[in-house]
Structure formats: C-alpha cells, structure tokens
Amino acid sequence: MATLSSSFDLLDERIRRWIWSAGWSELREAQERAIPAILTADHDVIVAAATAAGKTEAAMLPVLTNLLKDDDGLALTLYISPLKALINDQFGRLLPLCETLDIPVWPWHGDISSSSKSRFLKRPSGVLLITPESLEAILCNRGFSAPTLFAGLRYIVVDELHAFIGSERGKQLQSLMQRVELAAGARVARIGLSATLGDMRLAADFLRPRAADGVETIVSTSEGGDLKLLIKGYVVLAPKDREADDADEHPEAEAVRSIAGHMFKTLKGSNNLVFPNSRGKVEQYTYELQKLCAAEGMPNEFWPHHGSLSRELREETEAALKSKDRHATAVCTNTLELGIDIGAVKCVVQVGPPPSVASLRQRLGRSGRRPGESSILRGYAIEQEIHSESDLSSLLREDLFEFAAMTSLLLEGWVEPPRPRGMHLSTLVQQLLSLIAQRGGMMAPEAYRILCEAGPFDAVGKADFVSLLSHLGAKDILMQDASGVLLHGAKGAPLVNHYTFYAAFSAEEEFRIISGTRTLGSVPVSSALSVGDFILFAARTWRVDEVDEASKSIYVTQHQAGRPPRFSNGAGMVHDKVRERMKKLYEGTDDTGFLDPAAVRLLAEGRDTYRRYDIGRRPLLHVDGRALILSWQGDARNATIAMLLRMKGFSVGCYGAILTIEQAGAELAEVSKALQAIASMPLPPIEDLLANALNLRQEKWDSALPENLLQRSFASQKLDLAGAHEWIKSQWYT
DNA sequence: GACCTGCTGCGGTCTG
C-alpha cells in the first residue's frame, strides 16, 4: 500500500488491515490531517468539509485507535448527533469495523430498547451514539452514577456541529458537554464535524467557549467538482386575477402546474431533490408531478418528504432514493438537508429564494458527490404578472433579487455566520432544573459558576441570575431548604419528571391523520381541520370524515380534490449582507451570468422600478398613500427599526425587505421627524422598546421568566439594537 | 407567506 501515508501508519494495525480490505486506495485530505490531530486526545478539533464525504471516518479512525490503546477496556467516546436517523446510519457503518476491533458500539435514543440501554449501563465503554435529549435524560435521571458512567470518557464527538450553533438545542448541547466533563472530572477532547462556515472561529468558540484558540480547525480544501447553475424566471398570474371557479383548487395552482410541467421534463429519469420551501408546496408539487407520471403511463418517480409525514412514509421516500433499480426525485423541506445517506443525486432544484445562503450551500452539497460529477443547481424565480394593483415588492421583483443575491454570495464562498451571542434564558431554566435533578439539590453560587461563569450561559450576569432564581421561587418552580440548597418546587417537580422535559425546544401539539389503519402523518392543532374539509396530504387528496379530539386523531378517506393544510411555523431570518447585496444588484448593470433570459427580463424590470422610485437615494417613500421604508438591512435590524417607530406611535408592518407604516396617509415629514428624533437620542432601554410588544414568549421555558429578563433574552436573540440605531443615524442624523 | 429536531421509568401482563 505504497500510496498510503504517514497518517495511515499512525492508525492501529487492525484498523489499517480493515482499510486495506475495504479497498481504499488512499486517505482523503481531511482524514490525513485529522488523524494526527485527533489521535492524541489532548486538544479539541473541528473537521470541516462541504460534503459529508469521509468526515465521520476522519474522526472515528483515530478515536478508535486511541480506544484500542486502553488496557482495561473501559475507555468511552460519546458521539452526539442531532438526528435519530443519523445515529442509525452511523451505527450500521461503525458496527462491522468495531466488531473486528472488539469495541462495543451503542446506539441510544428514544426508539432504542431499554434492554440494550441497560447492557450499556452495566459496562459503559466503547462508542455511545446518542442525541442531546437522551444525554439530558441520563444526566437528569442517573445523575448520581454519572461520574462512574463517564469515568473512562476520552472524546466527545459532535456530528453536524453547524446544525446546533445559535439554537436552543445548541445552548443545551454546550451545557451538556460542560456537565459531562464535570462528571468525568476531566477535560475531554471535543471533536466537531461541521460544514464549512464562513467564520470557523465562531464554530470553535461554540465547541469550547472562551478557549477557541486551543481548537485546531481542519478545513478540507478539496471541495470536489465544479458547479452548474441556472435560475429560470417565471411570470405567473396573480391569484386574484384568476377566475375563482373551483373552490377546491388552491391559489397558485396554475403556477405550480406550469412549473411542475417543466420540472417533470427535466427531472424524470434521474435522482434529484426539489426544495420548494414549505410543507404545503411540497404537497402541491408532488401531487402535480405524480399526476404527470400517471398521465404518461410511467411508474411514479416523485415522492414527498417533510416533517409532518409519518416516519413510515418518509422511509418510503428515502428507500426510493436509495434504490438502485428505479429513478426517484424527492420533493422536500429541510428534512433532507442534513447528512442521512440518500445516495447520489444529480441535481438540486430550489423553488423561490432559499431561506439562507448556508441552507442553499448545504442543499447543493447533496448533488454531484461522485468524483468527476459537478453539482447542478436549478432555480425557479417566480414573480407575478404586473397589474394595476401590484405592490412595490412585486414591482421590484424582490424574490428574484433575493434569490440572485444569495446565489452570488454563495459563489463567493460567503455563508451567514451563526448568531452566537444571546442570553438563552429559556434553556438556562431547563439546565438549572436538570442540574438540580442530577445533583439532588444545589447551592446557588455553584449553579451560577457551572452554568454561567464556567459554562455556556456567560451572557448572564450574577444579578440577572439572582433575579431569575427569585422569580422561579415565587412561581414555585424552585424552592430553597433551610440550609439554602436549591430544590424543585411544587410546580417544578412535575415539569422535570415528565418525559417532555428533555428537549430544549418547544413543539406544537398535533393531530394524527389516519386513513384506514395507516397513519399518514400529523398537522398542528392550530390548523384546525373539520369534518367535510378536503385536504391534500402525502401527495393524495382526502376528505375529513371524523375528528376525534380525545385521541387527537383525524380520520380521512380518498377524495378527488383538496388543498394542503396550513402548517404555521416561523422561518429563518435574512442576513444584513443579503440585503446589502440585493441593493448592489439593483444598482448594477450586469446580468450575473446565472439567469435565463426570462429572469434577466425580470432583473431589468426590478432595476427599472428601483430607478423610477429613486430608491437608491431615498430610503423613505410614499407609494399608493402609504409610507414605506427600504433600509436594505437584514430582518433583525428591520424588526428593530419597526420597534423604534412603534415607540413613536406608528404601527409598522415588516414584510421582506419593506417596512410599511400602516397608518393610511402618514406624512413622510412625520415619519422623517420621528426617525430624526431616534437618531439624535441614545438607544432606549429594552423595557421601553418592548413595552407594548406581544408574543415574546416563543421558547419552551419563556413562560417561567420575569418580564424584564424575557424582554432582554428576546432582544439578545432576535433584534439588533446597535445596528438599527447605526443605520437610522447614518440616514437621519443632522 | 413561513423549517427542522427530540423524549423516561415503572408496573402491569404475556410468552418461551
């Protein structure tokens, strides 16, 4: 094996033999560099590559080599994954190798039998593949044995690190790593497997807060083949222009049909992924594409995949993608964005602008993964036919510009950096309750030290922590015994002792949709279906026959028509840099090189509107009797500008790039005066800014927070006060 | 007009 390198020689002899028998001719570049870095287990490492290829092996081959050096066979590695499906995948891949090495591998999540779990607990060694929620449960319920369980811990490997950063689950994960290390009584090497992010320093700071300098970052430079890219422009009739002659037909049905027709021609006979950005659209496109297959008398090639479909139906789609003897295209939401293995995909289709550049990049990484193949992205930019009542957003062709801006940033290699600061008080409440369960009680100063001073909640000061504790005490969630030990209160104990406690994020209650004996999936309670409704679900149309409130079940039978149910849920936020790039595109003259002729026409129309309204020079303008603000700042800043104006008595709507002053006839002079006043005053305190704001309680334990901490936690995660103020000053400071 | 993810322990009964 002459081509194998010095890194190869560092691996255990049994692993080298396994690699040899698997027929690998060489190690990939990321593996070469990761092996010596990880082998010593004396520092943290991030392995970053755009595609999943070889990342797991890059981490696990040196990890296993290290475990084999252990004489008493008690060494342990934690592998933490965001998805159960990924754990099952990895288990299947690791098992054959680990069996030859006599290293036990333990999958551990909600679907794993308790007998397998108790076998691990008897002899906690080898590789434990686990979700953050299951790890939370272990610490919470087996706190006293945690030091024994983790005594042999050598590594904590976090897969899909980027998927955790910035979210409630990410904060929880950071806290869990800290608590596991404390239980083990030693600093443990943390290994992060990540997509390449623009600023890897932020990922390093996430993996080891306050000591990012010690994290070695290995970014794969061999990013594979080239990228083929085309965005097609599509002009469709505005829904209001259509004859409303078919009550069962969903709005935009015609647009979906015409785009589905084009997709069908370009995608049939190959494997592809289509991302239309919402579950409702997944249903519509899959339905139309399946009808086209049937009309041609060919077997179906189009399958739906989203989070509300039952596990069984999603697995059917995954099996179709993996199958070697037929072609399959999945129409999906970001359920197929993360790393479960779905085989080779020829082309990725993005319908409408993606939620973020990072997401577009991740989606694109799903195609062209075979050597010599290029990644192919086909985009559809959909705009409405202009009519007398078209709004400014349509006239500006806003979606096309957003799509083009994100694409051009992608081509430059830029992706949104994660938003790492933020108080995350909801998750702090969970971690505090869980830590108390783990230790059977806890003194307040120690809890503060573990979670905030030495832990991940370092944006929370001592005074805030104390006021949080006293509020939790007043709400009977916490209590203090005579010696000052913190314990669960009358309201806190049942919270912690329920299985829903372990997840850091909240989820809406749902109804199951059942046809005969088969569960098709679920819809949120808020979407309230009633008997006689016609729905489109799992790419078929149904009539609702019965709604059983008690068992939260909706019974359906096949019907000829229907429209998708409403799945309300928030989406991501557009970054400042994307809006900045949109502005640049409006002011530019070139065709970008990735737009088809129809899209180039839309580009020209948007630029024409931009010039006609003189938007480049005037961020504040009057259109059809309404005052509008176009700041070209991201959603966090726009939301903050809106809040600041609301303080001055305006009611402001925030849709995409455009802020709308809702008061009909509001004079520009009035708005301008208010903005001038904001520019010349210091930033108002958050309690004033959010005094009248509703719906701030969005995260799981927000209801346990006192008002002022809730407001500050919300602002730290969702607003950009300094940035918004800077922008207003740059325009209105005199 | 709008994504995704996850979940214990215990006591009961039945089967090999």
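Keep in mind that what you see is a predicted model, and the values were worked out from it rather than measured. A, B, ... follow the sequence lines: proteins, then strands. Residue 1 opens every chain.
Among the protein residues, A:P82 comes within range of the sugar-phosphate backbone only, with heavy atoms under 4.0 Å from sugar or phosphate atoms but none that close to a base. Residue A:R314 is classed as a sugar-phosphate contact, given heavy-atom separations below 4.0 Å to backbone atoms only.
For A:Q172 and B:dC4, the CD to C1' distance is 15 Å, given to the nearest whole Å. Here B:dT5 presents its P atom at 9 Å from CZ of A:R279, a figure rounded to the nearest Å. In this structure, A:E510 places its CD atom 12 Å from P of B:dC3, rounding to the nearest Å. Rounded to an integer number of Å, the gap from CD of A:Q430 to C1' of B:dG6 is 11 Å. Between A:D399 atom CG and B:dA2 atom C1' there is a gap of 12 Å when expressed in whole angstrom units. Per the geometry, CD belonging to A:Q362 stands 13 Å off C1' belonging to B:dC4, to the nearest Å. Between A:R169 atom CZ and B:dT5 atom C1' there is a gap of 4 Å when expressed in whole angstrom units. In this entry the distance linking CZ of A:R566 with P of B:dC3 reads 12 Å, nearest Å.
Between the side chain of A:D533 and the backbone N or O of A:L529 there is no donor-acceptor pair closer than 3.5 Å.
With sequence neighbours excluded, the residues that form a salt bridge (Lys or Arg N to Asp or Glu O under 4.0 Å) with A:K552 are A:E509. With sequence neighbours excluded, the residues satisfying side-chain contact (heavy atoms from CB on, under 4.5 Å) with A:R512 are A:I514, A:T519, A:S553. Residues that satisfy the salt bridge (Lys or Arg N to Asp or Glu O under 4.0 Å) test with A:R637, not counting sequence neighbours, are A:D576, A:D720. Shown here are the side-chain contact (heavy atoms from CB on, under 4.5 Å) partners of A:N497, two or more places apart in sequence or in another chain: A:A493. With sequence neighbours excluded, no residue forms a ring pair (Phe, Tyr, Trp, His ring centres under 6.0 Å) with A:F511. For the ring pair (Phe, Tyr, Trp, His ring centres under 6.0 Å) test, residues two or more places apart in sequence or in another chain that qualify with A:Y234 are A:Y380.
Both key distances under 3.5 Å define a Watson-Crick or G-U pair, and DNA chain B has no stretch of 3 or more such consecutive pairs.
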Treat primed atoms plus P, OP1 and OP2 as sugar-phosphate and everything else as base, then score nucleotides 7-16 of chain B 5' to 3': B for base contact with protein heavy atoms under 4.0 Å, S for sugar-phosphate contact only, - for none.
-> BBS-------
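Taking 4.5 Å as the limit, some side-chain heavy atom of A:H306 sits within range of a side-chain heavy atom of A:F567.
No donor-acceptor contact under 3.5 Å links the side chain of A:N334 to the base of B:dC4.
Within the structure, salt bridge (charged side-chain N to carboxylate O under 4.0 Å, His left out) contacts touching residues 393-403 of chain A (residues at least two apart or in different chains) are A:E383-A:R397, A:R397-A:E605.
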